[in-house]
Each structure stands twice: as C-alpha cells, then as structure tokens.
Amino acid sequence: MKTYSLQRKQLIKRPLDEVFEFFSRPENLTVITPTSLGFDMLTPLPLDMQVGTLIDYTVKPMMFPLRWRTLITEYDPPHKFIDQQLKGPYSFWHHTHTFEHTPEGTLITDDLVYAIPFGIIGRLAHALFVKNKLKMIFDYRVKAISGYFESK
C-alpha cells in the first residue's frame, strides 16, 4: 500500500486550552470544512470526545455522498488527538492533531498519513486530483481557523 502524507502548521494567538476546546467539538468541522464538500454530520450532537468516540458524516467531493466514519484512537487534552478512518473513501487515513503552547500563542500541527485504494488507478487519481484536493481542503482549514479565532 502506497501511503502519502500532508502536514500543516499554524500559529493561533490564543491560549492552548481555548484552541484545543474548539477542536474537541466535532460540530466545528462544519466551520473548517469547505462548503463545496457538502459536509454533513450524522452523529447526534453534542459528542463527548474521548478515546473510542465514533463520528459519522457524509461528504460529497464529486456530487455523490460518501459515508465516512472516524474513530478517536488517542485523546490527550489539551495537547493531542488522533482520528482514524474506519469507513470512507481512503484505504488508510490517520490524522494526528497536536497543539503546543508557545510564547506567541498555540501552534497547531496537522499530520495526515493516507492511502488511496485501487492500486495504480488510485495512484493516478492521487497525482491528478486527490493530492491537490486535500491540499486545498487543508489550506481552507488554515484560513477558516484563522478567521474564527481572529473574530473572537
């Protein structure tokens, strides 16, 4: 299985606890996900984030809804949590969110490791559009997170 990785770092001039609290509420995924993805949370809210929490939602990256289920496999407030895809469009999805206090604020780091199904066809799809779509989504997240915290 060929895996790919993506990393984004972002400094938010807000306290660690405040930033982590925002990310610990899955309903905020709607704030940081491009509307073009048609994100729809299926799991009833509010959710108590902890190891073992399951989150179900749909996305529509190409007009057709895809069900996605993630599992919180690690939860260490206010420093880190990991979500892994159990069901969805990827053959592997492991997303580590880390939060670090700095003198300037909170450093958020997203480390994503993922794999595309369908062998050589999946690799071609990754090269042609999946890689750029994920970069666009994470670039959008950076702007949306900045906008959210700057408005507070």
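Keep in mind that what you see is a predicted model, and the values were worked out from it rather than measured.
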#### Entry: Approximate separation, where rounding is to 0.5 Å, of Ile55 CD1 and Thr43 OG1
6.5 Å
### Query
Do Pro26 and Met41 have side-chain heavy atoms sitting under 4.5 Å apart?
yes
### Query
Looking at side-chain heavy atoms only, is the closest gap between Arg67 and Leu42 below 4.5 Å?
yes
#### Entry: Pairwise distance CH2(Trp68) to CD(Gln85) - rounded to 0.5 angstrom
5.5 Å
### Message
Grouping I, L, V, M, F, W and Y whenever their side-chain heavy atoms are under 4.5 Å apart, do Phe138 and Met136 come out in a common cluster?
### Response
yes
### Summary
Rounding to 0.5 Å, atoms CD1 (Ile12) and OH (Tyr148) come to a distance of 11.5 Å
## Note on the structure
Here the pair of heavy atoms bringing Ile82 nearest to Lys80 is CD1-CE, 3.9 Å
### Query
Within a reach of under 6.0 Å around CG of Leu128, are more than 12 heavy atoms found that belong to other residues, nucleotides or ligands?
yes
### Message
One pair to check against side chain to side chain contact (heavy atoms under 4.5 Å, CB included): Gln50 and Ile72. What are the steps and the verdict?
### Response
CA-CA 7 Å; Gln50 59 186 323; Ile72 303 303; over 6 Å; no
### Message
So Ile108 and Thr98, do their side chains get closer than 4.5 Å, heavy atoms only?
### Response
no
### Task
Evaluate the criterion side chain to side chain contact (heavy atoms under 4.5 Å, CB included) for residue pair Thr53 and Leu71; output intermediate values, then yes/no.
CA-CA 6 Å; Thr53 296; Leu71 172 67; over 6 Å; no
### Query
Got Ile116 and Arg123 here, is their nearest side-chain heavy-atom distance under 4.5 Å?
no
### Task
Apply the test side chain to side chain contact (heavy atoms under 4.5 Å, CB included) to residues Tyr90 and Leu134: give CA-CA distance (whole Å), side-chain angles for both, the deciding distance (0.1 Å), then the verdict.
CA-CA 12 Å; Tyr90 296 89; Leu134 281 173; 3.5 Å; yes
### Query
His95 and Asp111: side-chain donor and acceptor closer than 3.5 Å?
no
### Task
Would you please test Asp110 and Arg8 for salt bridge (Lys or Arg N to Asp or Glu O under 4.0 Å) and show each step?
CA-CA 5 Å; Asp110 285 295; Arg8 287 290 185 275; over 6 Å; no
### Query
Do the side chains of Phe118 and Met1 join up, straight or via other hydrophobic residues, at under 4.5 Å, putting them in one cluster?
no
### Query
Backbone N or O of Lys143 within a donor-acceptor pair of the Ser146 side chain at under 3.5 Å?
no
## Note on the structure
So CE of Met49 and CZ of Arg25: to nearest 0.5 Å the spacing works out to 11.5 Å
### Task
Using a 4.5 Å cut-off on heavy atoms from C-beta on, say whether the side chain of Phe39 contacts that of Lys60.
no
### Query
Are any of the side-chain heavy atoms of Thr102 and Leu11 separated by less than 4.5 Å?
yes
### Message
Does either side chain, that of Glu100 or that of Thr109, offer a donor lying less than 3.5 Å from an acceptor on the other one?
### Response
no
### Message
Can you confirm whether Val59 sits close enough to Asp40 that some side-chain heavy atom of one is under 4.5 Å from a side-chain heavy atom of the other?
### Response
no
### Message
Is it the case that the side chains of Gln84 and Thr73 hold a donor-acceptor pair, with the cut-off being a distance below 3.5 Å and no angle test?
### Response
yes
### Task
Of all the heavy-atom pairs spanning Ala144 and Val31, show the shortest one and how long it is.
CB-O, 3.6 Å
### Query
Rounded to the nearest 0.5 Å, how far does OG1 of Thr106 lie from CZ of Phe149?
8.0 Å
### Message
Donor-acceptor check, side chain of Asn28 to backbone of Phe22, threshold 3.5 angstrom: yes or no?
### Response
yes
### Check: Asp83/His94 side-chain N/O donor and acceptor closer than 3.5 Å
no
#### Entry: Aromatic ring pairing Trp93/Tyr114, orientation class (parallel under 30°, perpendicular over 60°, tilted between)
tilted
### Summary
Here the pair of heavy atoms bringing Tyr75 nearest to Ser24 is OH-CB, 3.3 Å
### Task
Enter the distance from Leu37:CG to Thr30:OG1 here, rounded to the nearest 0.5 Å.
12.5 Å
### Task
Following the transitive rule for hydrophobic clusters with a side-chain heavy-atom cut-off under 4.5 Å over Ile, Leu, Val, Met, Phe, Trp and Tyr, establish whether Leu66 and Val130 coincide in one cluster.
yes
### Task
Side-chain contact test, heavy atoms from C-beta onward, threshold under 4.5 Å: evaluate it for Thr33 versus Ile137 and give yes or no.
no
### Query
Do Tyr140 and Tyr57 belong together in a cluster built from hydrophobic side chains that touch within less than 4.5 Å?
no
### Task
Kindly give the heavy-atom pair with the smallest separation between Ala115 and Lys2, and that separation in Å.
CB-O, 3.3 Å
### Task
May I ask you to check whether Phe99 and Phe23 place their ring centres under 6.0 Å from each other?
yes
### Task
Using the rule that two of Ile, Leu, Val, Met, Phe, Trp, Tyr join whenever any of their side-chain heavy atoms come within less than 4.5 Å, decide whether Val51 and Phe20 are in one cluster.
yes
### Query
Should the pair Glu104-Lys13 be classified as a salt bridge under the 4.0 Å nitrogen-to-oxygen rule?
no
### Query
Are Lys9 and Gln7 close enough, and set up right, to give a side chain to side chain contact (heavy atoms under 4.5 Å, CB included), and what steps lead you there?
CA-CA 7 Å; Lys9 290 182 180 262; Gln7 183 182 74; 3.6 Å; yes
